[in-house]
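Both backbone and side-chain heavy atoms feed into the values below; hydrogens, waters and symmetry mates do not. To find a chain, count down the sequence lines: A is the first, B the second, and so on, and within it residues start at 1.
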Amino acid sequence: MLQQQAEAHVAENVFERYLQARPIFKGDREVLRPSYIPATLPHREKQIDQLAQILVTALRGARPSNVLIFGKTGTGKTAVVKYLENELRKVDEAGKVTYVYLNCEIVDTPYGVLQSVGNRFVEDAERQIPFTGLSTDRVYSMLLERLDAERRIVIIVLDEIDKIVLKNGDDILYQLTKVNDDLRQSRLSVIGISNDLKFTDNLDPRVRSRLSDEKMVFAPYNAEELRDILAQRAEIAFPAGVVGEGVLPLIGAVAASEHGDARRALDLLRVAAEISERTGGDRITEYHVHRAKDKIEMDTVTEAVKQLPSQSKIVLLAVLINEEKGAAKMTTGEVYSRYRELAVRTGLSPLTQRRVTDLIDELDMLGLVNARVKSYGRGGRTKEIMSSVPAADVRRVLDNDETLVELRRYRPRNQTTIF
DNA sequence: TGTCCACTGGAAGGGAGGGCTT
DNA sequence: AAGCCCTCCCTTCCAGTGGACA
C-alpha cells in the first residue's frame, strides 16, 4: 500500500504541480526591481527635463554644471540619473562623453573613487589600478593622465554622496571639483545624489559652491503617483486580470505613508505576487499585499542580523538577554558587562567599552536597537538602550548562528521569563 | 548653586592585511 | 626584500557634559 503510494509519487515529478500552475508573471520579474529603468518615468518629467538641459552641454563638447540632487529614498533620483545616462548614450555617437556611476555606499573611500573612475578608461587587466597599494596622490595623477589622454567630457555620478563625506570628509570632493584646473583638454563634472538635505552644511565653503552650481530636490511621491508607477510596471509584469482591484491603491497608500518610497511600493507588489504564486494562486489580492508587508519587514530584520559581524551579534544578544531578564531599558554599562560575559563564553576576546559604544551606535543606525543619550543626574550620563525588533525572531537567527554555538543553550541565571 | 556620576565621543595611533615600487 | 601607502578594526587617553541632588 505504502509502496504503491510512493511509486505514484515518483511518477508525478515534484516540479510538475508547480509547472502546471498558471504563472503569475508575464515575463521578466526584474521589471519590478528598483534597478529596472523603464522607458518612461511617470511624474518625473520635469526633473528629467531640467537635468537634460544641464547635461546637453556635454554633447556640445563643453563641461556641464555640477549638480546636487536631493530627495528621500525611492523618489526616483537614481532612476532619473540612470535614465539620462541611457538617453545620452543613444545620441552620443562620437562617444565623447563618459558617464561614470558610483555608489558611495559601496565605493566609500577617496582612493576607491579615484581608482574606479581611473579604471573606466582602460580595458586590459594589466593597466588596472589596484584596489590598494598606491598612494592616493599617485592614483590621482594616474587618473589625470587617463582623463587627458584624449579630449572628453566626463560626468561622474556619486550616488549617496553624503556617505563618503560622512566617512572621509570632503577632501575627495575638493579634488574632484578642482580636477578641471589640472586638466588640459578634458573636462569633468560631478552629479551628487544625497538623501540628506543638510549634508552640504559640513562641506568646505569652496567645495560647496563649486559642487552646487545647480540644485534639484525630488519630492516624495504621493499615493496617486505611486499608483501610476505601479500600474505602469504591472502592465509589463503581469497578464491582464492578475492584479486584483484595490491592490495598487492599497500599495500606493502603504508606501505613501512611508515617505512616498517607490522602491518600497515595487517591492511590495513583487513580493505579493511571489506569495500568491507560491501558494498556487493566479491572482494578486489585498490579502497578499498584507502578507508581503509582514514578510518584507521580517526579512530586512533577519537579513540585517545575519550580516552582522560576530562581535556586533554578541552585543545585540546582550541587549536581548537583559530584556529577557526583565530590563525594559538599560545603560551602556549594563550592556557592556553582559556583553563581556557572553564574549568570554564564546571564546572571543572582549572589546573595550569604547568600541562597544560604537557597535551600539551601529546597531542603532540599522534600527535593531534604540539608543538615546540620557542623563540620570548624579547617576551619570549614558545611553539608554532597548531593542527595537521582535526579540523572538532575532533570537532565532542568533541561535542558529554557527559562531555563537556556545551561547545556544545559554540563558541568564535567575531568569524570570520562561522560553 | 555647585558637585559629581557614568558615561560620551573626538583624537591619535597601532597593527594586520592588502599590494605596489625599487 | 625592504620600504611605502592604503583601509579597517581596534585601543588608549581624555576633555566634556546633562541634570538630580545636597
Side-chain angles (χ1 to χ4, degrees), chain A residues 102-119 121-122 124-146 158 160-176 199 201-204 304 307-316 318-319 322 327-344 346-366 368-386 403-404:
Chain A
L102 294 177
N103 188 324
C104 298
E105 179 120 63
I106 298 156
V107 185
D108 62 353
T109 61
Y111 184 98
V113 169
L114 298 176
Q115 182 228 5
S116 307
V117 178
N119 281 343
F121 300 103
V122 288
D124 58 312
E126 294 288 294
R127 297 186 53 229
Q128 295 276 314
I129 302 171
F131 67 90
T132 173
L134 300 177
S135 72
T136 309
D137 285 349
R138 182 73 202 287
V139 178
Y140 179 74
S141 42
M142 287 167 91
L143 173 63
L144 274 186
E145 195 182 301
R146 291 173 185 199
L158 297 176
E160 314 216 31
I161 191 171
D162 44 317
K163 297 276 160 55
I164 201 166
V165 174
L166 191 72
K167 215 176 150 226
N168 304 283
D170 54 10
D171 288 0
I172 177 64
L173 300 184
Y174 181 76
Q175 276 189 312
L176 283 180
F199 107 96
D201 292 359
N202 313 317
L203 294 181
D204 181 301
Q307 301 292 329
L308 250 30
S310 325
Q311 293 283 13
S312 299
K313 282 179 185 155
I314 299 175
V315 174
L316 179 59
V319 173
N322 279 355
K329 342 173 148 166
M330 62 207 89
T331 64
T332 303
E334 284 157 356
V335 173
Y336 185 66
S337 42
R338 178 71 66 193
Y339 156 82
R340 273 195 81 93
E341 186 191 339
L342 297 176
V344 168
T346 36
L348 274 112
S349 49
L351 303 172
T352 56
Q353 181 159 327
R354 179 68 187 84
R355 180 67 187 137
V356 170
T357 54
D358 281 345
L359 295 184
I360 291 173
D361 284 344
E362 283 169 26
L363 292 176
D364 183 38
M365 296 251 279
L366 288 170
L368 297 174
V369 305
N370 203 305
R372 292 207 341 267
V373 179
K374 197 182 170 194
S375 175
Y376 294 86
R378 273 246 161 123
R381 189 170 168 264
T382 176
K383 284 196 180 86
E384 194 178 76
I385 302 152
M386 58 188 125
T403 54
L404 304 180

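Considering only side-chain N and O atoms, Arg138(A) lies under 4.0 angstrom from the phosphate OP1 or OP2 of dT21(B). Within the 4.0 Å cut-off from OP1 or OP2 of dT8(B), at least one side-chain nitrogen or oxygen of Lys383(A) is found. Residue Thr136(A) places at least one side-chain N or O under 4.0 Å from the OP1 or OP2 atom of dC6(C). Listed pair Ser375(A) / dC5(B) fails the phosphate criterion, with no side-chain N or O lying under 4.0 Å from OP1 or OP2. Remark: Thr331(A) is in phosphate contact with dC7(B), judged by side-chain N or O atoms under 4.0 Å from OP1 or OP2. One finds no side-chain N or O of Arg381(A) lying less than 4.0 angstrom from the OP1 or OP2 phosphate oxygen of dT8(B). In this structure, Thr352(A) reaches the dT11(C) phosphate: one of its side-chain N or O atoms is under 4.0 Å from OP1 or OP2.
Going from atom CD of Gln115(A) over to atom P of dC20(B) covers 11 Å, rounded to whole Å. Note: CD1 (Ile360(A)) to P (dC7(B)) measures 10 Å, nearest angstrom. Residue Lys329(A) contributes atom NZ, which lies 18 Å from atom C1' of dA6(B) at whole-angstrom precision. Leu359(A) places its CG atom 13 Å from the C1' atom of dT11(C), with the value rounded to the nearest Å. If you take CD1 of Ile129(A) and P of dG19(B), they are 15 Å apart, rounded to a whole angstrom. Look at CZ on Arg378(A): it is 11 Å from C1' on dG19(C), rounded to the nearest Å. Whole-Å rounding puts the Ile164(A) CD1 to dT7(C) C1' distance at 13 Å. Regarding Leu348(A), its CG atom lies at a distance of 10 Å from the P atom of dC10(C), rounded to whole Å.
Distance from the side chain of Ser135(A) is smallest to dC6(C) among dC6(C), dT7(C), dC10(C). Distances were taken from every side-chain heavy atom of Val373(A) (C-beta onward) to each of dG9(B), dC20(B), dC10(C); the shortest belongs to dG9(B). Checking dC20(B), dC7(B), dG9(B) against the side-chain heavy atoms of Leu134(A) singles out dC20(B) as nearest.
If you check the side chains of Gln353(A) and Tyr339(A), you find no donor sitting under 3.5 Å from an acceptor.
To the nearest 0.5 angstrom, Glu145(A) atom CD is 7.5 Å from Ser141(A) atom OG.
Within 4.0 Å of Asp108(A), counting heavy atoms only, lie sugar-phosphate atoms of the nucleic acid but no base atom.
Between Asn322(A) and the options Lys329(A), Arg338(A), Glu334(A), a side-chain hydrogen bond (donor to acceptor under 3.5 Å, both in side chains) holds for only Arg338(A). Asp361(A) pairs in a salt bridge (Lys or Arg N to Asp or Glu O under 4.0 Å) with only one of the listed residues (Arg372(A), Arg354(A), Lys383(A)), which is Lys383(A).
The two residues Ser116(A) and Val107(A) come nearest to each other via the heavy atoms OG-CG1, 3.8 Å.
Below the 3.5 angstrom threshold, one finds no donor paired with an acceptor across the side chain of Arg354(A) and the base of dT8(B).
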